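One structure below.
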There are 2 protein chains.
Amino acid sequence: MPRWKPDAVDRLQAAALELFGEQGFERTTVAEIAQRAGLTQRTFFNHFADKREVLFGLSSELQQEILREIAAGDDTLLPLDAVVRALGVAADRLFEDRRAAVARRHAVLAANPELQERELSKNAVLTEAIAAALNARGCDPETAFLAAGAAMVAQQVAFQKWTLPDEKRALRELLSDAVNSLRTTVSQPAGRS
Amino acid sequence: MPRWKPDAVDRLQAAALELFGEQGFERTTVAEIAQRAGLTQRTFFNHFADKREVLFGLSSELQQEILREIAAGDDTLLPLDAVVRALGVAADRLFEDRRAAVARRHAVLAANPELQERELSKNAVLTEAIAAALNARGCDPETAFLAAGAAMVAQQVAFQKWTLPDEKRALRELLSDAVNSLRTTVSQPAGRS
DNA sequence: AGGGTGACTGCACAAGCTGCAATCACTACT
DNA sequence: AGTAGTGATTGCAGCTTGTGCAGTCACCCT
């Protein structure tokens, strides 16, 4: 008989998502989460740097996937297209078949500004990492950051639509649409100075 | 003789900026800030929702300025141009003649992830507000958000250059350059499918 | 059998943050 | 002048987050 039940991290993440959903992030204490997971507060902080981090277990995996796809992409792609392709592949692999779970997490995030702050922070780190990956493919740093940032803006639009209740299209398609809209919005129409 | 010295908020902001610069954000306690300002911790929290907020006094003013300029802009401008013009005007009015103060604050922010998180949050709120202002001018919501987001990405690039030690150009010019680069980066070159 | 590893725990404590009640100069009204 | 109300500030008690440190003990390796 093992000394401890396995998968402590998973249990903490599951307990946190449940409790945040039931009573909200602020009204849930770390001690409560740990108790529901059959652990102690101290153990929670052994696994997560702070209370919010428990909701961001996937983001590291997501980032790795995206960076790998950028590095693996066709060399002839424009920087923006390279990022968009990578985001699409990552979305297919990590999001498309877990719509319900992603939606639950999204609902919790949407209800709490502190959690949104953390999400923005993760996105900013990801944007910088994408820019660095483009740079490694020969893109100059400024263009790399602009392409990364533009792709992330389109991604936000696409994700927001993807979470609407009756949306059936794949995130990848929505992203493609959003990028097309962005191209239209940003481009200078001919005939103006 | 008045019961309290005036300008409690200003004194707290000044004391905080000094202390954060001297010993860093994390190693400065709220009690210390309040003490240097001749007040108490409790009073600090009467004026600021949390410890970080003391560094973001200008952001509300900045946002108002930007939104006003968007609303006041020429109706024939493209959405992106309307935002860029407004950001340029706001930069001229609020940043250009306080380079030193802005740089000190920027140095403090750059040294601390928690503060950067808050800054990202402010930028996200600003982006949404800009999108709403564009929407009020007749722009559809998706285009509005894309234009707002694109402008903010360009703004980030421009601001980053503006804070380099030997940069002499105005933020407005750097922003204009960044937007041009963004247009190039995002646009589909002719002759590709 | 014995020693090392590593996940988990308990305890003490700093610091952020909040609710509540109290103080008291200033202001306005009578 | 007297009276009442306003509002910035304060003290205090308390909860929660987060950390440092030392201890336990099943498991693994030799």
Side-chain angles (χ1 to χ4, degrees), chain A residues 1-57 108-109 111-119 121-122, chain B residues 1-57 108-109 111-119 121-122:
Chain A
M1 182 165 164
R3 184 168 182 192
W4 296 290
K5 289 196 250 181
D7 302 322
V9 169
D10 290 344
R11 266 150 53 217
L12 285 168
Q13 287 170 333
L17 189 55
E18 284 174 26
L19 285 166
F20 293 164
E22 290 168 16
Q23 32 180 310
F25 176 79
E26 303 199 353
R27 288 138 61 92
T28 302
T29 68
V30 172
E32 261 179 300
I33 300 168
Q35 189 183 5
R36 181 168 294 199
L39 297 165
T40 66
Q41 194 201 47
R42 194 64 190 84
T43 302
F44 179 96
F45 286 114
N46 285 341
H47 289 290
F48 303 105
D50 60 52
K51 185 181 167 186
R52 305 179 217 171
E53 227 15 56
V54 71
L55 282 178
F56 292 87
V108 171
L109 284 211
N112 189 279
E114 284 183 68
L115 292 172
Q116 292 166 45
E117 259 189 32
R118 177 56 53 83
E119 172 116 305
S121 173
K122 297 280 183 192
Chain B
M1 183 163 162
R3 185 170 182 191
W4 296 291
K5 289 197 250 183
D7 301 321
V9 169
D10 290 344
R11 267 151 49 220
L12 286 167
Q13 287 170 332
L17 189 55
E18 284 174 25
L19 285 165
F20 293 165
E22 291 167 15
Q23 31 179 308
F25 176 78
E26 302 200 355
R27 289 138 64 90
T28 303
T29 69
V30 172
E32 261 178 301
I33 299 169
Q35 189 182 7
R36 181 168 296 199
L39 296 165
T40 66
Q41 194 202 47
R42 193 66 190 80
T43 302
F44 180 96
F45 285 113
N46 285 342
H47 289 291
F48 303 103
D50 60 51
K51 184 181 169 186
R52 307 178 217 172
E53 209 48 31
V54 71
L55 281 178
F56 293 86
V108 171
L109 284 212
N112 191 279
E114 284 183 68
L115 292 171
Q116 292 166 45
E117 258 189 33
R118 177 57 51 83
E119 172 114 305
S121 174
K122 297 282 183 191

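Quick note on labels: first sequence line is chain A, next is B, and so on, each numbered from 1. Please read these numbers as outputs of a predicted model, since none were measured by experiment.
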Tell me: [atom1] of [X] to [atom2] of [N], nearest whole Å?
X        : N      : atom1 : atom2 : result
A:Leu12  : C:dC8  : CG    : C1'   : 11 Å
A:Arg27  : D:dC15 : CZ    : P     : 17 Å
A:Asn112 : D:dT17 : CG    : C1'   : 15 Å
B:Trp4   : C:dC26 : CH2   : P     : 9 Å
B:Glu26  : C:dA15 : CD    : P     : 12 Å
B:Gln41  : C:dG19 : CD    : C1'   : 14 Å
B:Glu114 : D:dG18 : CD    : C1'   : 11 Å

Can you check whether A:Thr40 has a side-chain N or O nearer than 4.0 Å to OP1 or OP2 of C:dT9?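 Yes.
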When you check the phosphate oxygens OP1 and OP2 of D:dA8, does a side-chain N or O of B:His47 lie under 4.0 Å from one of them?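 So the side chain of B:His47 is outside the cut-off, no N or O lying under 4.0 Å from OP1 or OP2 of D:dA8.
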Polar pair under 3.5 Å, donor/acceptor by atom type, side chain B:Arg52, base C:dG16: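 In this structure, the two groups form no donor-acceptor pair.
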On the side chain of A:Arg42, is there an atom forming a donor-acceptor pair with the base of D:dG18 - under 3.5 Å, no angle test?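 Donor-acceptor pair under 3.5 Å: no.
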Using the closest heavy atom to pick a nucleotide of DNA chain D for each, name whichever of A:Asn46 or A:Thr29 lands nearer the 5' end.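 Looking at the nearest nucleotide for each, A:Thr29 comes out on the 5' side.
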Contact class for A:Ala49 (heavy atom, under 4.0 Å): base, sugar-phosphate, or nothing?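 Sugar-phosphate only.
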Check this for me, if you would: do A:Arg27 and A:Glu22 make a salt bridge, where the nitrogen-to-carboxylate-oxygen distance has to be below 4.0 angstrom?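 No, this pair does not count.
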Do other residues, nucleotides or ligands put more than 12 heavy atoms under 6.0 Å from B:Glu53 CD?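 Yes.
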Stepwise, does the salt bridge (Lys or Arg N to Asp or Glu O under 4.0 Å) test hold for B:Lys51 with B:Glu26? CA-CA 10 Å; B:Lys51 184 181 169 186; B:Glu26 302 200 355; over 6 Å; no
Search all heavy atoms of B:Asp50 against all heavy atoms of B:Phe44 and return the closest pair with its distance.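 Heavy atoms of B:Asp50 and B:Phe44 come nearest at O-CE2, 3.9 Å.
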